[in-house]
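I have placed the structure first, in the form of structure tokens, so that the comments after it can refer back to it.
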Amino acid sequence: MDKQAITNLLKKMSTKEKIYQLVQLAGGFYSEDEAVVTGPKEKLGISDEAIANVGSILNVRGAEETRALQKNYLAKSDAKIPLLFMADIINGYDTIFPIPLGQGATWNPELIKAAAAVAAEEAAVSGIHVTFSPMVDLVRDPRWGRVMESTGEDTYLNSVYAQSFVEGYQGEMIVGKNVAACVKHFAAYGAPEGGREYNTVDMSERNMREYYLPAYQAALKAGAKMVMTSFNTVDGIPATGNKWLNQDVLRKEWGFEGILISDYAAIKELEDHGIAEDAEQAAKLALEASVDIDMMTSVYAKNLEKIVVKDSEMAKLLDQSVLRILELKNELGLFENPYRGADTEKAKAVILSKDNRKLARKVVSESLVLLKNQEVLPLKSTQKIALIGPYATSPFLSGSWSFSLKTERTVTLEQAFSEVLPAENLLVAPGCLTVEPELIEASFGQYFPAEKTLFDEEGELVKALEAARKSDVVVMAIGEHYLQSGEGGSRGELTLPRVQQKLISAIKALGKPMVGVVFSGRPLELKAELPLFDSLLTVWFPGTEGGHGIADVVFGKVNPSGKLSMSFPYSVGQVPVHYNEFNTGRPLTESGHSKRFTSRYTDMPNKPLFPFGFGLSYTTFSYCDFKLSETQLVPGDKITATVEVTNSGKIAGTETVQLYIRDLVGSIVRPVKELKGFQKIFLQPKETRKVSFEITEEMLRFYTRELTYQSESGEFTVFIGSNSEVAKGINFILCK
Ligand code: GLC
């Protein structure tokens, strides 16, 4: 329809029809099973009329399911305005890719864009119109369970990935190929106090603008069509009711004209926050804060009518919200084709195709980070290998956001190893449960049926020891349970489950070479395990092709190239620990004070166990001849930083060369380093490549003392290296 037709449609709609467009419900409300409907309906206290006329549906998947729901809805609804179908396609639809924190470790934006495009196509043919992704929340606290959904601790890197995800999902918005992206969670959800889920976020506007907001801006610059609010407070006001954040920053300052959707029940939660006395005030606050869709509550449905009939300004806001929703539906062509893209036959051809699996396998192998290797990896198929630990056989490799827990599709480590090794060279024994049995009941309850089966702990330990004794090398497949991360998955401790620590010690006592393959949704605290393993790989939750991707690296088909996008703490006591910290007035080194009176711990180092940007290879890379083209930079000009990188080892490999800059003095304190660029290069043995970076004045801008975004004259240090602990720098002066 043309714009005028949309405006005419809006004029024809009754107030109730307008309000219902602002309501989003999950598929359960449209189930044939009356019991399923009455449960949620009672809980929400929402009317049949509202249910029959909502504007969008949450997390219904499948071409048949979405087509049927759309058909029934259009038959029954009053205004006959097609539904939007939205879902959480976080790291893949049915072909599940590594969790975003793993994708972040690839430092390969083009690859991540390709993975997002696959996820979009599988979703589009399944009738999804919008994905609630990318999640671009910056994270510095691995206690928070949702670090698994983030691409990490760096603003620049997260902004690069935000663009990749959005461009991959949306492409040219082709029917059956692309879906609209909804960037979330606006804003700064990744900084809850104590790393505790849904907890208070409180930081200066400067800190928010400098570190937390740019990645949302990058997603919007890439064309993201929707934004989702976050659960947390921003300067004492919950994001979902925060006019400054949503009207002043998002709409006016950034010019965002698309849909702002609340997170799940977040409008109702304005009452729990204590910012709204009742649902009516919550509805008013959210609409004034430009929230266009109320996800999964009846607050808008039951309260907006009495608000808008007595307040013409609120009636205008209602019309603005309805118009945004109608415009997205129109842009997606739903008025002409309410079944956009949903195609059962195409879905059969596209979903989990060989090509999609091949891409997923590549993303896995590039996401793995080699943390330690004392000449044990890569393994050979002639070796007798004991594959021990709960992840030796577990199919739960996809993280907490993969709806398709059809685990038969997942390639396990055991399956992948059996494709490489002759049967007599592979001995498999889980050895223990993933987590302590009491944790299953306490923390996971109904979400965690899988391991409630009886497990013969003693017997399984004996089998594991037996397998290890017969082997040349032990590969221990260990890690946290997927429900120990993700939403609601905050942890106060970051260590491996105790049952696994016991198993590792028992196997270690046999004195065999040991490789650790660690599955997790976060940086874990691995200082106790580090000395026990000859080699250590962190593999995140690698998804459908997890077994294959890991085996490709373990057996040397792929030389690992992953680099951490989030620091691994030495201890949870250091958290938050991140590379781009401030120097403080009493830095541990270069301070004039005695060591005791410097910024340090008395019982542990300041540095993380593994820093941002860290990752080993099966070969080695040397850096030399680092230089700058100039020692002075004037605005409009550029300095070229060059370095020669050599593959000084015996096998080909890929290195991510990283550029960091430090602003030595500013009108506010500046980080000791900031990532400003990177290049991922492939080198044959003994090959040398000159790598160049251009440094411009724009790269040196920040939010100054006056909160203006600009650079300041002065001295800067440039670093180029293989991780954020690179020490050797060269200085230049910016002269404005
Ligand atoms: C959840 C999450 C959000 C998700 C939404 C819909 O609570 O916070 O990321 O998109 O609800 O499932």
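Only heavy atoms go into these numbers, but all of them, side chains included; no hydrogens, no water, no symmetry mates. On a predicted model such as this, the values are computed, not experimentally measured, just so you know. Order of appearance sets the numbers: ligands from 1, and atoms from 1 within every ligand.
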Has Arg61 got its NZ or CZ under 6.0 Å from the middle of the six-membered ring of Tyr93, at an angle within 45 degrees of the ring axis? yes
Please work out whether any backbone atom (N, CA, C, O) or any side-chain heavy atom from C-beta onward of Met135 is under 4.0 Å from ligand 1, and answer side chain, backbone, both or neither. neither
Check: Trp144 ring centre within less than 6.0 Å of Tyr189 ring centre: yes
For Lys184, take its heavy atoms, then give the atoms of ligand 1 lying under 4.0 Å from any of them. 3 (C), 4 (C), 9 (O), 10 (O)
Classify the ring geometry between Phe541 and Phe519 as parallel (under 30°), tilted (30 to 60°) or perpendicular (over 60°). tilted
In terms of ring plane angle, is the pair His185 and Phe231 parallel, tilted or perpendicular, where the classes change at 30° and 60°? parallel
Distance filter under 4.0 Å to Phe231 heavy atoms, resulting ligand 1 atoms: 7 (O), 8 (O)
Should Tyr264 be counted as touching ligand 1, given the test is an N or O pair under 3.5 Å? no
A student checking ligand 1 against Asn59 at a 4.0 Å heavy-atom cut-off should list atoms 12 (O)
Does some non-hydrogen atom of Met296 fall short of 4.0 Å from ligand 1? no
Show me which atoms of ligand 1 lie under 4.0 Å from any heavy atom of His185. 3 (C), 8 (O), 9 (O)
Ring centre gap for Trp107 and Phe612 strictly below 6.0 Å: yes
Numbering as shown, the atoms of ligand 1 that approach Arg146 to under 4.0 Å (heavy-atom distance): 2 (C), 3 (C), 8 (O), 9 (O)
Under 4.5 Å between any side-chain heavy atoms of Glu327 and Glu257, yes or no? no
Any nitrogen or oxygen of Glu149 lying under 3.5 Å from a nitrogen or oxygen in ligand 1? Just yes or no. no
Paired with Val299, the side chain to side chain contact (heavy atoms under 4.5 Å, CB included) test is passed by just one of Val23, Leu44, Ile267, namely Ile267
Counting from 1, what ligand 1 atoms have a heavy atom of Phe132 closer than 4.0 Å? 10 (O)
